[in-house]
Amino acid sequence: MVCESKVSHDGGSQALSKQKAYKFGDFKLLPEAQALLHKGQSVALGGRGFDILTLLVEHAGEVVSKADLFSHVWPDYIVHDHNLKVNVGNLRRSLAELDPSAEYIATIAGRGYKFVAPVENDRPAAARHIASSTGHHTAPPKVRQLLGRDDAVRQISGDIDQPGYVTIVGPGGAGKTSLAVTVAQQSCGEDQAIAFVDLSTVTDPRFVVPAIASALGISLGLDDPIASVIDVLRSNKLLLIIDNCEHVIAMAATIVERISAEVPGARILVTSREPLRTRHEQIHFLSGLAYPDQTTALSTTDAMQFPAVQLFISTAHGAGVSEPTDEYVRSVVSICTRLDGLALAIELAAGTASVLAPSSLEGLFKDGFDAMGRGARDAPLRHQSLEATLDWSYRLLPDREAILLGLLSVFSGRFSADDAEAMYSAGALEPMAGRDALSQLVAKSLLTARHDGGTVHYRMAESTGTYAARRLFGSRYREEARRQFAIRIRDKLQIAEREWSSQTSREWLGKYCSQIDDVRAAIAWAFDPAGDAALGVELVVAALPLWQELSAFREMLEAIDLASSNSAALVGLAPLGRAKLSTARAWAMTLARHMHPQTEDAWRESIFHANGSRDAGFQVR
């Protein structure tokens, strides 16, 4: 956007550097600290509102044009006038709620806005103390040797030498902190220091700045500690790690972006369960450690080449487990698969397994993850159990994201955006809110998204799904969620049935075979006393092609018998549905039980229902 009266960003920066604070009424504005205080208490303003207020106060008594505001607040973007009006309106309300007797911002029709209250400027001290980065910084914690992260270390080591900063993003327990510390140690020479900031213990965003300043040995008595942080990073060889930003992410993002903007060459590593989403951020997504594909036959030697398996065995071996047998390694592969290769979860599992007989390993987590023991006593509380790790992420979720996480736990494996869409109404979520919540769960590493042939499929790690299902269990949305899930599975199966005759068996199975666990869960709910047997009968009828393609005739026969035993539910079934059910029952008895005495009766019943359906195709068959 071009305008004649554009306010220079350089001029604005110089003005701010000359003035440490602005006072108006009972307010105090600290631009460099990104803070507005009212009677000494912090006032929450959005980033846009703060930028607007800063520019207006800096030019108090002058008309600031809309063009100048757009240029300052939304540089390099084309923004509608409505956005400015909304942000100015919100800013006015925030100021009026605290001081309703004064007017601060006036609208100058056709021109822009003016800050009309008297403003006092405070001058900064003539000289600023610069702390040494070599003697008073907080050193990083000791971390164990990383397995399977060589490529990540190499890539991030290259990225931190580029302008901006690097954020390592991943789920809780993936090993973000260990990776950041390892990269820092390998990237720094003898004349370079590492400063480590642990934000996990910071409960209020206001304390993020003091935490960073303290880690660098900077006095907290300064009016603008971050300015001193910038001076340290500009004048010293130092790499800064800011760990665990997700719960104070807005403040952390503001501070790190400011540092990167003023010192592009600063070497900063950030860890978070979601990106900070600022202009100078480089993101490195960290997934779990690689583990074998259980569908592929591998020797014990080959399986032990995977870092997830190596981590489990080395942890368990360190606790006294003897040399692993082939059976033991197969069980380890199964556990690593269920834990999605998450380093912390694997270490916890290995610690629990170390006190069990090798023969007990296979069934260690067959009923969930409650058997998982506690981690090291000197580890952060959020890393001492798998549940604590998930609790940390869950508590940070807004209501709609927490609700959706619980709703999506009904799916056994991967699911599509349309599957998720079908669940929104169960949690009273509007579609737009639901879609935003879905994208945020991916961003926060609670879901993974993968593109598959033009379709995005989502997946929740089993441990996360178990945790989310527990949250759903006590929720008022639980029963409606299970009903909507059963309806969705029925609808998908009915679509699958229509495609059955037009696709090859391999093509069709490739698309639908993964639905079998969801089918089982939906049918189990439907025929539960709290479920809906009529819906269950429809599910069984719709699932017949899937069972037949999987040659799961015994399972199909059990489901048909279950449906047939609900006479009240069968009343509403259409004649064609009865014909499909009875014909499938006859085939299942023939193939599963061979020449059973009741097989002939089943075939006669199927002929009867085929004739009643008035479907020529079925009659011929």
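Everything numeric here is computed off the predicted structure, so don't read it as measured data.
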Chemist: Please name all residues satisfying side-chain hydrogen bond (donor to acceptor under 3.5 Å, both in side chains) with Arg149, sequence neighbours left out, ordered by chain then number.
Modeler: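 With sequence neighbours excluded, Arg149 shows a side-chain hydrogen bond (donor to acceptor under 3.5 Å, both in side chains) to no residue whatsoever.
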Chemist: Run the side-chain hydrogen bond (donor to acceptor under 3.5 Å, both in side chains) test against Tyr104 and tell me which residues pass, sequence neighbours left out.
Modeler: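 With neighbours one apart ignored, the set is Asp99.
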Chemist: Given side chains that start at C-beta, do those of Val64 and Tyr113 come closer than 4.5 Å, heavy atoms only?
Modeler: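 No, their side chains stay 4.5 Å or more apart.
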Chemist: Could you work out, with side chain to side chain contact (heavy atoms under 4.5 Å, CB included) as the rule, every residue matching Ala266, not counting sequence neighbours?
Modeler: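 Listed in chain order: Leu233, Ile259, Val263, Ile268.
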Chemist: Check whether any side-chain heavy atom of Ser445 lies under 4.5 Å from a side-chain heavy atom of Val169, and answer yes or no.
Modeler: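 Yes, close enough: below the 4.5 Å cut-off.
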Chemist: If only atom types and distance count, is the side chain of Glu281 paired as donor or acceptor with the main-chain N or O of Arg277 below 3.5 Å?
Modeler: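 Yes, the answer is positive, given that a donor and an acceptor are paired below the 3.5 Å cut-off.
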Chemist: Is Gln440 close to Glu274 at the side-chain level, that is, under 4.5 Å between some pair of heavy atoms?
Modeler: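 Heavy-atom side-chain distance check passes, below 4.5 Å.
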Chemist: Under the criterion side chain to side chain contact (heavy atoms under 4.5 Å, CB included), I'd like the reasoning laid out for Thr138 against Asp198: C-alpha separation, chi angles, the key distance, then a yes or no.
Modeler: CA-CA 10 Å; Thr138 301; Asp198 181 7; over 6 Å; no
Chemist: Just jot down the ring pair (Phe, Tyr, Trp, His ring centres under 6.0 Å) partners of His457, sequence neighbours excluded, or say none.
Modeler: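 Scan of His457 (ring pair (Phe, Tyr, Trp, His ring centres under 6.0 Å), adjacent residues dropped) gives none.
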Chemist: Among all residues two or more places apart in sequence or in another chain, which pass the side-chain hydrogen bond (donor to acceptor under 3.5 Å, both in side chains) test with Ser475?
Modeler: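 Ser475 satisfies side-chain hydrogen bond (donor to acceptor under 3.5 Å, both in side chains) with no other residue.
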Chemist: When rounded to the nearest 0.5 angstrom, what is the spacing between OH in Tyr477 and CG in Leu407?
Modeler: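 One finds 8.5 Å between OH of Tyr477 and CG of Leu407.
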Chemist: Just so I know, are the side chains of Phe196 and Thr177 near enough to count as touching, which here means a heavy-atom distance under 4.5 Å?
Modeler: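 Side chain of Phe196 against side chain of Thr177, heavy atoms only: contact under 4.5 Å found.
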Chemist: Do Lys39 and Leu98 pass the side chain to side chain contact (heavy atoms under 4.5 Å, CB included) test, and can you show the C-alpha distance, the side-chain angles, and the key distance before you say yes or no?
Modeler: CA-CA 10 Å; Lys39 296 182 179 179; Leu98 296 170; over 6 Å; no
Chemist: Atom CD in Gln484, atom CD in Glu480: separation rounded to 0.5 Å?
Modeler: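 Going from CD on Gln484 over to CD on Glu480, the span is 4.5 Å.
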Chemist: Looking only at heavy atoms, which two atoms of Ala481 and Met423 are closest? And how far apart?
Modeler: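 Looks like O-CE, 3.2 Å.
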Chemist: Name all residues meeting the ring pair (Phe, Tyr, Trp, His ring centres under 6.0 Å) criterion together with Phe411; count only those two or more places apart in sequence or in a different chain, and write none if there are none.
Modeler: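 Applying ring pair (Phe, Tyr, Trp, His ring centres under 6.0 Å) to Phe411 gives Phe415, Phe485.
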Chemist: Has the side chain of Glu257 got a donor or acceptor atom that lies under 3.5 Å from a matching backbone atom of His280?
Modeler: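 Answer holds: yes.
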Chemist: For Gly406, is there any backbone N or O sitting under 3.5 Å from a side-chain donor or acceptor partner on Ser409?
Modeler: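 Between the backbone of Gly406 and the side chain of Ser409 there is a qualifying donor-acceptor contact (under 3.5 Å).
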Chemist: Would Thr54 and Asp51 count as a side chain to side chain donor-acceptor pair (under 3.5 Å) if you check the C-alpha gap in whole Å, the side-chain angles of each, and the deciding distance to 0.1 Å?
Modeler: CA-CA 5 Å; Thr54 300; Asp51 290 344; 5.4 Å; no
Chemist: Of all heavy-atom pairs between Ala21 and Leu30, which one has the smallest distance, and what is that distance?
Modeler: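 Heavy atoms of Ala21 and Leu30 come nearest at CB-CD2, 3.5 Å.
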Chemist: Tell me whether the count of non-hydrogen atoms from other residues, nucleotides or ligands lying under 6.0 Å of CZ in Arg395 goes above 12.
Modeler: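 Yes, the 6.0 Å shell around CZ holds more than 12 heavy atoms from other groups.
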Chemist: Are Leu446 and Tyr394 packed together at the side-chain level, in the sense that at least one heavy-atom pair is separated by less than 4.5 angstrom?
Modeler: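 SC-SC contact between Leu446 and Tyr394 ruled out.
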Chemist: Please report the C-alpha distance between Asp418 and Ser416 in whole Å, then the side-chain angles of each, then the deciding distance to 0.1 Å, and finally whether the side chain to side chain donor-acceptor pair (under 3.5 Å) criterion is met.
Modeler: CA-CA 5 Å; Asp418 289 340; Ser416 66; 4.9 Å; no
Chemist: Return the CD1 to OG1 distance between Ile156 and Thr167, rounded to the nearest 0.5 Å.
Modeler: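 Here the rounded value is 10.0 Å.
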Chemist: Mind checking the CD-CG spacing from Gln192 to Leu238? Nearest 0.5 Å is all I need.
Modeler: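 Rounded to the nearest 0.5 Å, the CD-CG separation comes to 9.0 Å.
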Chemist: Return yes if some donor-acceptor pair links the side-chain N/O of Glu246 with the main-chain N/O of Arg273 below 3.5 Å, else return no.
Modeler: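 At least one qualifying donor-acceptor pair exists.
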Chemist: Are the side chain of His247 and the backbone of Leu199 linked by a donor-acceptor contact shorter than 3.5 Å?
Modeler: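 Answer holds: yes.
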Chemist: With a 4.5 Å heavy-atom cut-off, do Met460 and Leu408 have their side chains touching?
Modeler: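 Of all side-chain heavy-atom pairs linking Leu408 with Met460, at least one is under 4.5 Å.
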Chemist: Can you give me the closest heavy-atom contact between Leu36 and Phe50, atom names plus distance?
Modeler: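 Here Leu36 and Phe50 meet closest at N-CE1, 4.1 Å.
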Chemist: Sorted by first residue and then second, give each salt bridge (Lys or Arg N to Asp or Glu O under 4.0 Å) pair with at least one member in residues 204-216; sequence neighbours left out.
Modeler: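 Counting only pairs at least two positions apart or across chains, the salt bridge (Lys or Arg N to Asp or Glu O under 4.0 Å) contacts touching residues 204-216 are Asp204-Arg206.
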Chemist: Search all heavy atoms of Ala443 against all heavy atoms of Pro275 and return the closest pair with its distance.
Modeler: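 Taking every non-hydrogen atom into account, O-CD, 3.5 Å.
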Chemist: Go through the structure and list residues passing side-chain hydrogen bond (donor to acceptor under 3.5 Å, both in side chains) with Thr448, not counting sequence neighbours.
Modeler: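 Applying side-chain hydrogen bond (donor to acceptor under 3.5 Å, both in side chains) to Thr448 gives none.
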Chemist: Only pairs at least two apart or in different chains count here, so list each side chain to side chain donor-acceptor pair (under 3.5 Å) that has a residue in residues 421-430.
Modeler: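 Counting only pairs at least two positions apart or across chains, the side chain to side chain donor-acceptor pair (under 3.5 Å) contacts touching residues 421-430 are Glu421-Arg435.
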Chemist: Quick check: closest heavy atoms across Leu91 and Gly49, and the distance to 0.1 Å?
Modeler: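 Distance-wise, the nearest heavy atoms are CD2-O, 3.8 Å.
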Chemist: How long is the span from the OG1 atom in Thr107 to the NZ atom in Lys114, to the nearest 0.5 Å?
Modeler: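 Answer rounded to 0.5 Å: 11.5 Å.
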Chemist: Tell me which donor-acceptor pairs under 3.5 Å the side chains of residues 179-189 have, and how far apart each pair is, sequence neighbours excluded?
Modeler:
| residue | atom | partner | partner atom | Å |
| --- | --- | --- | --- | --- |
| Thr182 | OG1 | Ser178 | O | 2.7 |
| Ser187 | OG | Ser157 | OG | 3.4 |
| Ser187 | OG | Val183 | O | 2.7 |

Chemist: Hey, are the side chains of Thr271 and Leu269 touching, using non-hydrogen atoms and a 4.5 Å cut-off?
Modeler: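 With C-beta onward as the side chain, the pair stays apart.
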Chemist: Does some side-chain heavy atom of Tyr165 sit less than 4.5 Å from a side-chain heavy atom of Leu240?
Modeler: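 When only atoms from C-beta onward are counted, Tyr165 and Leu240 do not touch, as no gap falls below 4.5 Å.
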Chemist: Which heavy atom in Met251 sits nearest to a heavy atom in Pro205, and how many Å separate them?
Modeler: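 In this case the closest contact between Met251 and Pro205 is CG-O, 3.4 Å.
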Chemist: Give a yes or no on whether the backbone of Ala211 and the side-chain of Ser214 come within a donor-acceptor separation of less than 3.5 Å.
Modeler: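 No; judged by distance alone, with no hydrogens or angles, the pair does not exist.
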Chemist: Who passes side chain to side chain contact (heavy atoms under 4.5 Å, CB included) against Pro264, sequence neighbours left out?
Modeler: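 Pro163.
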Chemist: Between OG of Ser272 and CD1 of Ile249, what distance do you get to the nearest 0.5 Å?
Modeler: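 Rounded to the nearest 0.5 Å, the OG-CD1 separation comes out at 4.0 Å.
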Chemist: Would Phe207 and Val248 count as a side chain to side chain contact (heavy atoms under 4.5 Å, CB included) if you check the C-alpha gap in whole Å, the side-chain angles of each, and the deciding distance to 0.1 Å?
Modeler: CA-CA 9 Å; Phe207 302 134; Val248 287; over 6 Å; no
Chemist: Check step by step if side chain to side chain contact (heavy atoms under 4.5 Å, CB included) holds for Tyr458 and Leu441.
Modeler: CA-CA 10 Å; Tyr458 301 89; Leu441 290 176; over 6 Å; no
Chemist: Scan residues 155-181 for pairs that pass salt bridge (Lys or Arg N to Asp or Glu O under 4.0 Å), counting only residues two or more places apart or in two chains.
Modeler: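 Applying salt bridge (Lys or Arg N to Asp or Glu O under 4.0 Å) to every pair that reaches into residues 155-181, excluding sequence neighbours, yields Asp161-Arg267.
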